[in-house]
Every structure is written in C-alpha cells, then in structure tokens.
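Right, one structure below, let's go through it.
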Amino acid sequence: MIMFCMEFIYDGISSREYDLSICSFDGASNGSSTAGSYMEYTTFKAPNSNAWMKTGSSYKEQLTFTFQVCKYHCSSAENAFITERELAFIMRWLVRKDYKYLSFQQEGYENIYYHCQLNVEKYEVAGQCAGLIITAVCDAPFGWSELRHTTISSPSTKIVYLYDGSDEIGIVYPSVTITSKAAQTITIFNESTGTLMRIKNCVAGEQINIENMQITSSEYPGRHKTLYKDFNWKWLSIGNTFTDRRNCIIVNGNCEIEMSWRMPRKAVI
C-alpha cells in the first residue's frame, strides 16, 4: 500500500475530519481509470459521393474515475483498519442520492470541482476494512471551475466585458438575480453570443431570479402578474469560440444584476 497523504473535499467536508487520505492499494487500480469526453458524431453520405458529412455531435458519456482512500495519520505515520462504526459515518458522508462537489487538495487541481455522486466499496485485508475504493460519477463529461461572481450596477445603460476561461468551446448559462430600481423594461444583451434577454413591465424593488432555465419574481403573482408574458424566454449565456473568449454584456435599465457561474474544466484524475 502506497500512502499519498492527499486530502480531498466532498460537499465542503474534508477527508481529514474522517482521518482519511488518498492512497494506492497493492494490486488494485491506481486511480487513473477515467471515462468521459467521448464524442459521438452523426454523419451522412450522399449517393454518388465518397465523402461523409457531419450533421451533429454530442458527448455520450459522463466523466467517471476511481481512487482509493485509507485511514492514515500523516503526522505520526500511524495507520489502522477502519472500524464498522467509522465506516458507517464515512458512508453517510460520501454516499448520497444527489450530486455534490468533489475537489482534491493537490497542485494543479486547486480550482477544479467534480459535481458527482460517489459509489464506495470496501477494500478488505484479513477480513478487516483496510480502505475504500471510491468511484466518482460526474454530471458532465468534465469538471467545473470554482464559482465565479460578478455584479453589474446599471443607472440606465452599462457595458461590461467578461472573460470566459472555459476548457470547452461553447456556452454556459449563469444564475442571474436582477433587482429593478424603477418601473421599466430591462434588457441584457451578450453581443458575443448574440443572446438578448428582455423582461418588460418590471416594477421598482422587484427581484427576478433566473436559474437552471427557470424564472421567478418577488412580485409574481403580485404587482407583476404578466411576468411570463413579459419575458422573451431567451436565457443569458456566457461563451467562447476557439479564437475569442471575450463577452461584451450590454445592460439597458436602471437595475443591479448579480451573476454566478462555473466554467468547464477538462483535467481528470
């Protein structure tokens, strides 16, 4: 068994709290097994042609990877088996019904987060639990960056530039909170992606939240009864192309806008 004394964090809780460290079991997988970022292409060949044309493409697999952990005290170089009681607490922490963020305290991985569920198996020696084999199944073909935030205060019209440092060419949809300071129409246009989001008949003091392609308002169904007719159902996006990562955001309206988002990260364990 090789000890690494490397910490990992799952759902904001450090492995140190459970006296666990990443390791490699002799004769077991070394944790480098990965899957994901597998692209499947849809092609078409016209009659009397020798060339295939691409009509579509999409990722077909979630990112998955495996690593091992054991009970270990880096400071005193003591190690021991995991008791059944300790295992119960560990399983309660790691095995969940929904996705949580996983990160590794290792150089080069400080700002990479894997939104995943964990499957846990015991690694037994002489009938006792010497450690765990953990398989992470992510919600995407890649990991994610740390959560980014920005606030835009617009008295009437405001132009800001955002840089998209994503490892994936394309777009992401940020969570957006808009606080209207007057009765008005508010528009947010990303000139770089061509996305124009418009909300008519906003009222003073109204707070509009947009997340996971859902829109809610503090004034619905109160003073803004027509919210769903007033929204043009175009979602603000942040994106990049192979040659351009700059996003030009143009806001029209007296409002404050808070945005948060994560960018794809393609580093794998």
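Just so you know, these numbers use all the heavy atoms, side chains as well, and skip hydrogens, waters and symmetry mates. We're numbering straight along the sequence, starting at 1.
Smallest separation of non-hydrogen atoms from P155 and N254: O-CB, 3.3 Å. When all heavy atoms of L236 and T195 are compared, the closest pair comes out as CA-CG2, 4.1 Å. Between I188 and I257 the shortest heavy-atom distance is CD1-CD1, 3.5 Å. Residues C202 and S180 approach most closely at CB-OG, 3.7 Å, considering heavy atoms. Shortest non-hydrogen contact noted between C138 and C116 is CA-CB, 3.7 Å. When every heavy atom of K234 is checked against every heavy atom of F231, the shortest pair comes out as O-CZ, 3.7 Å.
With a 4.5 Å cut-off on side-chain heavy atoms, M263 and W144 do not count as touching. The shortest side-chain heavy-atom distance between N201 and T185 does not fall under the 4.5 Å cut-off. Using a 4.5 Å cut-off on side-chain heavy atoms (C-beta onward), R262 and V172 make no contact. Put simply, the side chain of S145 does not reach to within 4.5 Å of the side chain of N111, judged on heavy atoms. Put simply, the side chain of K122 reaches to within 4.5 Å of the side chain of L87, judged on heavy atoms. Between F142 and D167, every side-chain heavy-atom pair lies at or beyond the 4.5 Å cut-off. Side-chain contact between I215 and N209 is absent, with no heavy-atom pair separated by less than 4.5 Å. Proximity of M91 to V120: side-chain heavy atoms (C-beta onward) are separated by under 4.5 Å at one or more points.
Under the 3.5 Å distance criterion, the side-chain polar atoms of R245 are matched with a main-chain donor or acceptor of S166. Formation of a donor-acceptor pair under 3.5 Å by the T241 side chain with backbone atoms of D244 is found in this model. The backbone N or O of I82 lies less than 3.5 Å from no partner atom in the side chain of D19, so there is not a single donor-acceptor pair. K225 places a side-chain N or O within 3.5 Å of a backbone atom of G222 that can act as its donor or acceptor partner. Side-chain atoms of E258 never come within 3.5 Å of backbone atoms of I178 as a donor-acceptor pair (strictly under, hydrogens ignored). Under a 3.5 Å cut-off, the side chain of S217 and the backbone N or O of I208 do not form any donor-acceptor pair. Between the side chain of K158 and the backbone N or O of S153, at least one donor-acceptor pair lies under 3.5 Å.
One hydrophobic cluster, built from ILVMFWY side chains closer than 4.5 Å, holds both F81 and Y123. Linking ILVMFWY side-chain heavy atoms closer than 4.5 Å, directly or via other members, places I22 and I13 in a single hydrophobic cluster. W93 and Y99 are assigned to two separate hydrophobic clusters, defined by single-linkage of ILVMFWY side chains at heavy-atom distances under 4.5 Å. Follow the hydrophobic side-chain contacts under 4.5 Å out from L102 and you reach F89 in the same cluster. Note on I9: it does not cluster hydrophobically with I134, by side-chain heavy-atom contacts below 4.5 Å among ILVMFWY residues.
To the nearest 0.5 Å, atoms CE (M6) and CD (Q105) are separated by 9.5 Å. Expressed to the nearest 0.5 Å, how far CD of E256 lies from CD1 of I152 amounts to 10.0 Å. Atom CG in L162 sits 11.0 Å away from atom CZ in R246 (nearest 0.5 Å). Separating the CD atom in Q184 from the SG atom in C255 is a distance of 6.0 Å, to the nearest 0.5 Å. For the atom pair I90 CD1 and R85 CZ, the distance stands at 12.0 Å (nearest 0.5 Å). Expressed to the nearest 0.5 Å, how far CD1 of I112 lies from CD of Q106 amounts to 9.5 Å.
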message = With side chain to side chain contact (heavy atoms under 4.5 Å, CB included) as the criterion, how do N232 and K200 come out once you've worked through the C-alpha distance, each side chain's angles and the decisive distance to 0.1 Å?
response = CA-CA 9 Å; N232 69 341; K200 299 178 180 179; over 6 Å; no

key: Full working for side chain to side chain contact (heavy atoms under 4.5 Å, CB included) between V69 and F8   = CA-CA 10 Å; V69 301; F8 68 94; 3.4 Å; yes

request  = Please report the C-alpha distance between L132 and E121 in whole Å, then the side-chain angles of each, then the deciding distance to 0.1 Å, and finally whether the side chain to side chain contact (heavy atoms under 4.5 Å, CB included) criterion is met.
outcome  = CA-CA 6 Å; L132 305 172; E121 299 178 72; over 6 Å; no

task = Take T187 and M197 through the test side chain to side chain contact (heavy atoms under 4.5 Å, CB included) and record every step on the way to the result.
result = CA-CA 6 Å; T187 64; M197 186 170 72; over 6 Å; no

query = Where do N247 and N190 land on the side chain to side chain donor-acceptor pair (under 3.5 Å) test, with the steps shown first?
reply = CA-CA 7 Å; N247 288 255; N190 186 337; 2.8 Å; yes

Trace of the side chain to side chain donor-acceptor pair (under 3.5 Å) decision for E7 with S14 = CA-CA 7 Å; E7 177 188 5; S14 169; 2.4 Å; yes

task = Could you check D230 against H224 for side chain to side chain donor-acceptor pair (under 3.5 Å), going step by step and ending with a plain yes or no?
result = CA-CA 9 Å; D230 294 333; H224 199 165; 2.8 Å; yes

message = Apply ring pair (Phe, Tyr, Trp, His ring centres under 6.0 Å) to residues Y101 and Y10 and explain how you reach the verdict.
response = CA-CA 6 Å; Y101 282 102; Y10 188 61; 9.5 Å; no

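The hydrophobic cluster around L196 extends to I159, Y161, F189, I250, counting ILVMFWY residues whose side-chain heavy atoms fall within less than 4.5 Å of a member.
Around atom CZ of R96, more than 12 heavy atoms belonging to other residues, nucleotides or ligands sit under 6.0 Å away.
At a cut-off of 3.5 Å, with distance as the only test, a side-chain donor of T83 or E86 sits close to an acceptor on the other residue. Between the side chains of T157 and N252, at least one donor N or O sits under 3.5 Å from an acceptor N or O. Side chains of R148 and Y163: no donor on one and acceptor on the other come within 3.5 Å.
At least one test fails for R265 against the ring of Y114: distance under 6.0 Å to the centre or angle within 45° of the axis.
The existence of a salt bridge linking E206 and K181 is excluded, since no basic side-chain nitrogen approaches an acidic carboxylate oxygen closer than 4.0 Å.
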